[in-house]
Amino acid sequence: QVQLVESGGGSVQAGGSLRLSCAASGRTFSNYAMGWSRQAPGKEREFVVTISRYGARTYYADSVKGRFTISRDNAKNTVYLQMERLKPEDTAVYYCASGDWGMTTDRYDYWGQGTQVTVSS
């Protein structure tokens, strides 16, 4: 049974930082790309970043490029999202995902339960 468990969300003021973690279990972590998406109230889910199986490739949505950094530690079966210079519009529930490389939700077959990030102005 594949499980993805996010942690690290919380509330922060604009300009602040947060680091999200996602611990995976149930299948060989390094066989799959990992990604993060987010969904704000009343908005569609947005895929923000993805990282290839061994971390050689990353791809960021324009909305987070230069502020967010994804990384992974295959020895720990964990993917991270370092978020800097946060803005109120980054407020959303953040979900990690495991699957094939890509920036659309249909490329991923397992999702975490989500962690709330709230950025106040």
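Computed from heavy atoms alone, side chains included, the values below leave out hydrogens, waters and symmetry copies.
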Please report the closest heavy-atom contact between M34 and C22, naming both atoms and the distance. CE-SG, 4.3 Å
Taking all non-hydrogen atoms of both residues into account, name the closest pair between P88 and S121 and its distance. CG-CB, 3.9 Å
Do Y94 and V5 share a hydrophobic cluster (ILVMFWY, side-chain heavy atoms under 4.5 Å, transitive)? no
Between the side chains of R67 and E84, is the shortest nitrogen-to-carboxylate-oxygen separation below 4.0 Å, so that they form an ion pair? no
Let me confirm one number: the CD1-OG1 distance from I51 to T69, rounded to the nearest 0.5 Å. 10.0 Å
Are the side chain of S52 and the backbone N or O of A33 linked by a donor-acceptor pair below 3.5 Å? no
How about V49 and Y59: do any of their side-chain heavy atoms sit closer than 4.5 Å? no
Does E6 use its side chain to pair, donor to acceptor, with the backbone of G114 at less than 3.5 Å? yes
Ring center gap for Y32 and Y108 short of 6.0 angstrom: no
From R53 CZ over to T28 OG1, what is the distance, rounded to the nearest 0.5 angstrom? 11.0 Å
Hydrophobic cluster identity match, V12 and L20, side-chain contacts under 4.5 Å: yes
Hey, does the side chain of S37 reach the backbone of R45 with a donor-acceptor pair shorter than 3.5 angstrom? no
Any donor-acceptor pair under 3.5 Å from R72 side chain to F29 backbone: yes
Can L81 be reached from L4 by stepping across I, L, V, M, F, W or Y side chains whose heavy atoms are under 4.5 Å apart? yes
N/O donor-acceptor pair under 3.5 Å between D100 side chain and D109 backbone: no
So, E44 side chain and Q39 main chain: donor-acceptor pair closer than 3.5 Å or not? no
Separation of S17 OG from F68 CZ (nearest 0.5 Å): 10.0 Å
Can you list the steps and then say if Q13 with V119 is a side chain to side chain contact (heavy atoms under 4.5 Å, CB included)? CA-CA 5 Å; Q13 288 194 327; V119 184; over 6 Å; no
Any donor and acceptor pair, going by atom type alone, linking the side chain of T118 with main-chain N or O of S11 inside 3.5 Å? no
Checking I70 against Y80 for the side chain to side chain contact (heavy atoms under 4.5 Å, CB included) test, could you report, in this order, the C-alpha distance in whole Å, the side-chain angles of both residues, the deciding distance, and whether it holds? CA-CA 6 Å; I70 190 171; Y80 305 97; over 6 Å; no
Rounded to the nearest 0.5 Å, how far does SG of C96 lie from CH2 of W111? 9.0 Å
Listed partners of K65 passing salt bridge (charged side-chain N to carboxylate O under 4.0 Å, His left out), at least two apart: D62
For residues F47 and V117: do they belong to one hydrophobic cluster (side chain heavy atoms under 4.5 Å, members Ile, Leu, Val, Met, Phe, Trp, Tyr)? no
Between R85 (side chain only) and G66 (backbone N and O only), is there a donor and an acceptor less than 3.5 Å apart? yes
Same cluster (ILVMFWY, side-chain, under 4.5 Å), Y110 and V48: yes
Intermediate values then yes/no, side-chain hydrogen bond (donor to acceptor under 3.5 Å, both in side chains), S63 and E46: CA-CA 10 Å; S63 57; E46 173 191 20; 2.8 Å; yes
Check the pair R38 / Y95 against side chain to side chain contact (heavy atoms under 4.5 Å, CB included), numbers first and verdict last. CA-CA 6 Å; R38 66 186 181 185; Y95 301 89; 5.9 Å; no
Inter-residue atom distance S98.OG - Q3.CD, 0.5 Å rounding: 12.5 Å
Relative to W101, does R57 satisfy both conditions: NZ or CZ under 6.0 angstrom from the six-membered ring centre, and within 45 degrees of the ring's axis? yes
Go through it in stages, so that I can follow the logic: the residues are T58 and T50, the test is side chain to side chain contact (heavy atoms under 4.5 Å, CB included), and I'd like the CA-CA distance, side-chain angles, deciding distance and then a yes or no. CA-CA 6 Å; T58 58; T50 184; over 6 Å; no
For the OH atom on Y60, are there more than 12 heavy atoms of other groups (residues, nucleotides or ligands in this structure) within a distance under 6.0 Å? yes
